[in-house]
Amino acid sequence: PDVSETLVRVNYSETDQMGVVYHARYLVWLDIARTEHLRLAGMSYRELEEAGLRLAVSEVAVRYRRPARYDDRVRIRCWVRDLASRRIDFGYAVEHAEEGRLLATAFTSLMALDRSMNLTRMPDAVRRAMRAIPDPVSLHG
């Protein structure tokens with residue numbers, strides 16, 4: 001899919017003293033959404049690792065817009081922004097599932113590493129399965 005959607009429900013343990021989702025928890029949600037995006041494209045992260053590929057996060061940015069709270073259903077939309085020979089960039093829109101409110105936007109950049117953790121080329125199978133699209137949501141505005 002060009003844009004995948006993953007749903008999570010906010011657990012009480014994910015909230016801070018102010019009653020909102022702790023900022024670092026969004027990184028876990030991005031990882032869940034990215035892993036699901038790969039799976040929907042026909043490749044599990046486990047299969048990639050078994051084939052010798054490691055995708056290591058080299059950069060991450062999150063813009064927090066509105067808080068998510070305990071028991072909210074949250075939808076994380078994920079897409080490929082750019083695919084280079086040794087790097088893949090993902091974009092994300094984190095939304096309140098029922099109300100459609102944009103809670104956060106984010107992007108991650110991942111480097112392709114081999115078993116020895118050296119930079120390597122992205123395998124052809126990954127390049128064929130991952131199609132970059134223009135951002136459906138502004139990540140900076």
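Each residue takes its place number in the sequence, starting with 1.
Salt-bridge check for Asp2 with Arg131: passed, with a basic side-chain N closer than 4.0 Å to an acidic carboxylate O. Between Arg69 and Asp72 there is no salt bridge, since none of the side-chain N atoms of the basic residue sits less than 4.0 Å from a carboxylate O of the acidic one. At a threshold of 4.0 Å, the pair Arg39-Glu36 counts as salt-bridged, since one of the basic side-chain nitrogens sits closer than that to a carboxylate oxygen.
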For residues 107-117, dump all side-chain donor-acceptor pairs below 3.5 Å to protein atoms at least two apart in sequence or in another chain.
residue : atom : partner : partner atom : Å
Thr108  : OG1  : Tyr92   : OH           : 2.7
Ser109  : OG   : Asp89   : OD1          : 2.7
Asp114  : OD1  : Ser116  : N            : 2.9
Asp114  : OD1  : Met117  : N            : 3.1
Asp114  : OD1  : Asn118  : N            : 2.9
Arg115  : NH2  : Glu50   : O            : 2.7

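Annotation: the span from Ser58 atom OG to Ile88 atom CD1 amounts to 11.5 Å, rounded to 0.5 Å.
When atom types are taken as modelled, the side chain of Arg54 and the backbone of Glu49 share a donor-acceptor pair closer than 3.5 angstrom. Glu99 places no side-chain N or O within 3.5 Å of a backbone atom of His96 that could act as its donor or acceptor partner. With hydrogens and angles ignored, the 3.5 Å screen pairs a side-chain donor or acceptor of Asp16 with a backbone N or O of Gly19. Of the possible donor and acceptor atoms, none in the side chain of Arg75 sits under 3.5 Å from a partner among the backbone N and O of Leu7.
Contact check for Asp31 versus Leu27: no side-chain heavy atoms found under the 4.5 Å cut-off. Annotation: side chain of Arg87 is in contact with side chain of Asp82 (closest heavy-atom distance under 4.5 Å). Contact annotation: the side chain of Trp79 approaches that of Pro136 to within less than 4.5 Å [non-hydrogen atoms, C-beta and beyond]. Contact check for Thr120 versus Leu53: side-chain heavy atoms found under the 4.5 Å cut-off. Between Leu83 and Arg127 there is a side-chain heavy-atom pair separated by less than 4.5 Å. Using a 4.5 Å heavy-atom threshold, the side chains of Val94 and Arg63 count as separate. Two residues are said to be in side-chain contact when any heavy atoms from C-beta on lie closer than 4.5 Å; His37 and Val80 meet this criterion. You'll find the side chain of Asp71 stays beyond 4.5 Å of the side chain of Val10, heavy atoms only.
A single hydrophobic cluster is seen to contain both Ile76 and Tyr45, as judged by linkage of ILVMFWY side chains at heavy-atom distances under 4.5 Å, directly or through other members. When the side chains of ILVMFWY residues are joined at heavy-atom separations under 4.5 Å, either directly or via intervening members, Leu38 and Val57 end up in a single hydrophobic cluster. When the side chains of ILVMFWY residues are joined at heavy-atom separations under 4.5 Å, either directly or via intervening members, Leu102 and Trp29 end up in two distinct hydrophobic clusters. Connection of Leu30 to Val137 is not established within any shared hydrophobic cluster, with ILVMFWY side chains joined at heavy-atom distances below 4.5 Å, either directly or through further cluster members. Under a hydrophobic-cluster definition in which Ile, Leu, Val, Met, Phe, Trp and Tyr are linked whenever side-chain heavy atoms come within less than 4.5 Å, directly or via other members, Tyr70 and Val8 are assigned to different clusters.
For the residue pair Arg121 and Arg86, the shortest heavy atom distance occurs at N-NH1, 3.7 Å. Heavy-atom minimum distance, Glu95 versus Leu103: C-CD1, 3.8 Å. Closest heavy-atom contact between Leu139 and Gly91: CD1-CA, 4.3 Å. Looking at every heavy atom in both residues, Glu14 comes nearest to Asn11 through OE1-N, 2.6 Å. In this structure, Ala129 and Ala41 approach most closely via the heavy-atom pair CB-O, 3.8 Å. The two atoms that bring Tyr26 and Val21 nearest to each other are CE1-CG1, 3.7 Å, heavy atoms only.
A donor-acceptor pair shorter than 3.5 Å can be found between the side chains of Thr105 and Arg65.
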